[in-house]
Amino acid sequence: MEHMATHIETGLEGESLAAAYLEAQGWEILSRRWRDGASGGVRTDVDLVARSADGVYHFVEVKTRSGDGQGDYAPENAVDARKIDRMIAAAERYMTLRRLDGEVSVDLIAILVGRSGDTSPVIRYYPNIVR
C-alpha cells in the first residue's frame with residue numbers, strides 16, 4: 001500500500017521546496033519555522049525568514065496543497081487578513097529580538113505537489129502580500 005503524506009509531511013515538504021526555490025534566487029535562509037518563545041510573544045510562527053540579495057528581510061508563509069489545488073483548495077486561499085497581521089507582528093518581533101534594521105517584506109509561497117499526471121511541484125511566489 002502506498003504511503004499517503006500527512007498534512008504535516010506535506011507542509012514540511014513545501015517548506016523545503018520553498019527554501020530551495022529562494023536559495024536558487026541567491027537568497028539566504030536565516031530561519032525555518034521560527035516561533036517567538038517569549039512569554040507574551042507573538043502567537044504565530046514564520047515558515048521561512050530569508051534575506052534577499054538586495055538586503056531585504058522576507059518573512060515567508062508557505063502553503064502547500066497536494067492534488068490540483070483549484071478553487072477553494074488553492075493554497076493561496078489559506079492566508080487571510082488575521083494571518084497576515086500575525087505575520088507582521090512576528091516580523092517586527094523577529095527584527096527587534098535580533099536587533100536587525102532594514103526593509104521587511106511579508107511574502108507568500110503557494111506550492112502544489114502530487115498533482116495527477118505530474119511529478120514536478122508548482123511554486124507560485126507572491127511578494128509583499130501586505131499591500
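- Between Val56 and Arg51 there is no side-chain heavy-atom pair separated by less than 4.5 Å.
- Across every non-hydrogen atom of Pro127 and Ser105, the tightest pair is C-OG, 4.5 Å.
- For the 3.5 Å distance criterion, the side chains of Tyr57 and Glu103 fail to qualify, holding no donor opposite an acceptor.
- Between atom CG of residue Leu22 and atom CG of residue Leu17 there is a gap of 11.0 Å, rounded to the nearest 0.5 Å.
- Annotation: side chain of Ser31 is not in contact with side chain of Leu48 (no heavy-atom distance under 4.5 Å).
- Counting heavy-atom neighbours within 6.0 Å of Asp101 CG, excluding the residue itself, gives a total of 12 or less.
- When every heavy atom of Val62 is checked against every heavy atom of Ala18, the shortest pair comes out as CG2-CB, 3.7 Å.
- Nearest heavy atoms, Trp34 versus Ala90: CZ3-O, 3.6 Å.
- A cation-pi geometry, defined here as NZ or CZ lying under 6.0 Å from the six-membered ring centre and within 45° of its normal, does not hold between Arg124 and Tyr126.
- Looking at Ser52 and Gln25, their side chains never come closer than 4.5 Å, going by heavy atoms from C-beta outward.
- Across every non-hydrogen atom of Val79 and Leu108, the tightest pair is CG2-CD1, 3.8 Å.
- No side-chain heavy atom of Val49 sits under 4.5 Å from any side-chain heavy atom of Ile29.
- The only option from Asn77, Val113, Val122, Leu112 that meets the side chain to side chain contact (heavy atoms under 4.5 Å, CB included) definition with Arg65 turns out to be Leu112.
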Kindly determine whether Val104 and Glu92 satisfy side-chain contact (heavy atoms from CB on, under 4.5 Å), including the steps that lead there. CA-CA 9 Å; Val104 169; Glu92 290 170 352; over 6 Å; no
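- Salt-bridge formation is detected for the pair Glu15/Arg33: a Lys NZ or Arg NE/NH1/NH2 atom is positioned less than 4.0 Å from an Asp or Glu carboxylate oxygen.
- Screening Arg35, Arg86, Glu61, Met87 for a side chain to side chain contact (heavy atoms under 4.5 Å, CB included) with Asp45, the sole residue that qualifies is Arg35.
- Side-chain atoms of Tyr125 and Asp107 include a donor-acceptor pair closer than 3.5 Å.
- For the pair Lys63 and Glu76, the salt-bridge criterion is not met [side-chain N within less than 4.0 Å of a carboxylate O].
- Side-chain contact between Leu30 and Tyr94: present, with at least one pair of heavy atoms (C-beta onward) separated by less than 4.5 Å.
- Ser16 is listed as a side-chain neighbour of Arg32, based on a closest heavy-atom distance under 4.5 Å.
- Atom CH2 of Trp27 and atom OH of Tyr21 lie 8.0 Å apart (nearest 0.5 Å).
- Contact of the Val60 side chain with the Val46 side chain is not registered, since no non-hydrogen atoms from C-beta on lie closer than 4.5 Å.
- Looking only at side-chain heavy atoms (C-beta outward), Ile109 and Ile123 come within less than 4.5 Å of each other.
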